[in-house]
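These notes concern the structure reproduced below.
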Amino acid sequence: MRDLDTASRVIFFVPVLLLLLKYPIKTCVLSYSIPLGSIISLCVALYDKFILNLRPEQNPRIMHIQGGDISMSLGIFSLIIALYAHQKKDIKLTSLSVIGVLCGIVGSLLSTARGGWVALPVLLIVILYIYRYSLSKRFFLTFFGIIVIASIGISQMPNNRIMERIDVAQKDIQLYLDNHDGNTSLGARFEMWKSALEMAKEKPLFGWGIQGATEKRKQETEEKIATGNIGQFTHAHNQYLDDLSKRGVVGLLALLAVLFIPLRAFMKKLNTTNDEIKLIATLGVAHILSVMIYGLSQGFLVHNSGTIFYFFLTIVFYAAIRTHQKAE
């Protein structure tokens, strides 16, 4: 039923695509909506932390890893819009987008979800490479200077939750390498990944199914085949291995198609001379690459929030490009 539920949500996006093709979103609306969404995401995170006094994992609205990753995506999108606005000398949009960048990143940091932190440097390199001919050397020097100063400042902060999470990750890896300890956050992930690969070996073509994979993890926990309680999890905390174990090679190929086909379509539009099309294509590339990176340590598309976020924005960006192409 879970597979049917996810499939039905994707099918319901078809009318959304048709609607957006008939009544397109203007570039200016999209450009302002994204940084505003990033600002709102930080406001929600601050409210949960300082007003409701909730820990990230107690979030009542959305699983905190998902929320942190989505917030990071909004920050990354805001950076792309800031570069576009800077190119257009639109001071108002540039200022709003820079605020959106900061809000998205801070919102992700407050979530303590490390997947978004991993995606950030990769996406920065990709975005700056795409806009390399549009930006001056002075801009690059200033930009990297800000990153260095910000990194040093964050590392020196007292009671630093960010550095604490990084230290915990290092200790988790060392504990797993030394003692095969699966009772830590990363240790449990390593055990789930190993379990998923073993499942794939047994049923490589079509996999175990959602229920079968969950039961298999529970069995391995009970029989002490796996260390740590991996039986409590419904997915392998890796989108690719999770699909491989549940749906086999067929399911994994379908997942890769869902990611790489639109990615290739967006990448084809990066060399255009139309600034608006390049903006939207860059947003599309960053969107898909970020989701691909989140999927390395989280079943991002297993959750409804991830499925809706991925497919909705992919459709929005695709429809926007089609609209601009028709206008040309």
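Nothing fancy with the numbering, it's 1 onward along the sequence.
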query: Given the rule in the side-chain contact (heavy atoms from CB on, under 4.5 Å) test, do Leu42 and Leu110 qualify, once you have shown the distances and angles that lead to the verdict?
result: CA-CA 9 Å; Leu42 177 61; Leu110 288 175; 3.9 Å; yes
Would you say [X]'s side chain and [Y]'s backbone share a donor-acceptor pair under 3.5 angstrom?
X: Thr184; Y: Gly187; result: yes
X: Ser245; Y: Asp242; result: yes
X: Thr27; Y: Glu276; result: no
X: Arg247; Y: Gly209; result: no
X: Thr221; Y: Gly231; result: yes
X: Gln232; Y: Asn229; result: yes
X: Ser38; Y: Ile34; result: no
X: Ser71; Y: Gly67; result: no

Go through the side-chain N and O atoms of [X] and [Y] and say whether any donor and acceptor fall under 3.5 Å apart.
X: Ser305; Y: Gln66; value: yes
X: Tyr294; Y: Ser73; value: yes
X: Gln211; Y: Glu215; value: yes
X: Gln170; Y: Gln174; value: no
X: His64; Y: Gln58; value: no
X: Gln87; Y: Tyr131; value: no

Are any non-hydrogen side-chain atoms of [X] and [Y] less than 4.5 angstrom apart?
X: Thr214; Y: Trp208; result: no
X: Val16; Y: Phe13; result: yes
X: Leu19; Y: Tyr23; result: yes
X: Val302; Y: Gln239; result: yes
X: Leu186; Y: Tyr176; result: no
X: Gln298; Y: His235; result: yes
X: Leu279; Y: Asp275; result: no
X: Lys278; Y: Ile321; result: no

To the nearest 0.5 Å, how far apart are [atom1] in [X] and [atom2] in [Y]?
X: Leu135; Y: Ile130; atom1: CG; atom2: CD1; value: 11.5 Å
X: Leu301; Y: Tyr310; atom1: CG; atom2: OH; value: 7.5 Å
X: Leu74; Y: Cys103; atom1: CG; atom2: SG; value: 10.5 Å
X: Phe266; Y: Ile280; atom1: CZ; atom2: CD1; value: 9.0 Å
X: His324; Y: Lys26; atom1: NE2; atom2: NZ; value: 11.0 Å
X: Leu123; Y: Ile76; atom1: CG; atom2: CD1; value: 4.0 Å

message: Check this for me: Ile91, atom CD1, are more than 12 non-hydrogen atoms of other residues, nucleotides or ligands nearer than 6.0 Å?
response: no
message: Counting only heavy atoms from other residues, nucleotides and ligands, does the tally under 6.0 Å from CZ of Phe312 exceed 12?
response: no
Answer yes if [X] and [Y] sit in the same cluster of Ile, Leu, Val, Met, Phe, Trp and Tyr residues linked by side chain heavy atoms under 4.5 Å apart, and no otherwise.
X: Val168; Y: Ile166; answer: no
X: Phe206; Y: Leu255; answer: no
X: Leu120; Y: Leu296; answer: yes
X: Ile80; Y: Phe144; answer: yes
X: Val106; Y: Val101; answer: no

Closest approach of [X] and [Y], non-hydrogen atoms and distance?
X: Tyr84; Y: Ser31; value: CE2-OG, 4.4 Å
X: Phe300; Y: Ile70; value: CZ-CG1, 4.1 Å
X: Ile81; Y: Pro35; value: CD1-CD, 3.9 Å
X: Ile105; Y: Met72; value: CG1-SD, 4.0 Å
X: Leu241; Y: Ala196; value: O-CB, 3.7 Å
X: Ala213; Y: Met199; value: O-CE, 3.5 Å

message: Which label fits Phe190 and Trp193: parallel for a plane angle under 30°, tilted from 30 to 60°, or perpendicular past 60°?
response: perpendicular
task: Indicate the ring-plane relationship of Phe143 and Phe139, choosing parallel, tilted or perpendicular according to the 30° and 60° boundaries.
output: parallel
message: What verdict does the side-chain contact (heavy atoms from CB on, under 4.5 Å) test give for Lys216 and Glu202, after you've listed the backbone C-alpha separation in whole Å, the side-chain angles of each residue and the deciding distance to 0.1 Å?
response: CA-CA 11 Å; Lys216 182 68 172 174; Glu202 294 182 39; 3.7 Å; yes
query: Taking the six-membered ring of Tyr129, is NZ or CZ of Arg132 closer than 6.0 Å to its centre and within 45° of its axis?
result: yes
field: Residue among Val291, Val285, Thr314 satisfying side-chain contact (heavy atoms from CB on, under 4.5 Å) with Leu263
entry: Val285
task: Please name all residues satisfying ring-ring contact (aromatic ring centres under 6.0 Å, His included) with Phe309, sequence neighbours left out, ordered by chain then number.
output: His287
query: side-chain hydrogen bond (donor to acceptor under 3.5 Å, both in side chains) with Ser195: which residues, sequence neighbours excluded?
result: Glu220
task: Start with the C-alpha distance between Leu93 and His86, add both sets of side-chain angles, then the distance that settles side-chain contact (heavy atoms from CB on, under 4.5 Å), and finish with yes or no.
output: CA-CA 8 Å; Leu93 180 56; His86 173 73; over 6 Å; no
message: If you apply the rule side-chain contact (heavy atoms from CB on, under 4.5 Å), what do you find for Met292 with Leu289, and how did you get there?
response: CA-CA 5 Å; Met292 291 171 73; Leu289 286 179; 4.2 Å; yes
task: Can you run down the salt bridge (Lys or Arg N to Asp or Glu O under 4.0 Å) pairs that involve residues 166-193, sequence neighbours left out, and say none if there aren't any?
output: Glu191-Lys194
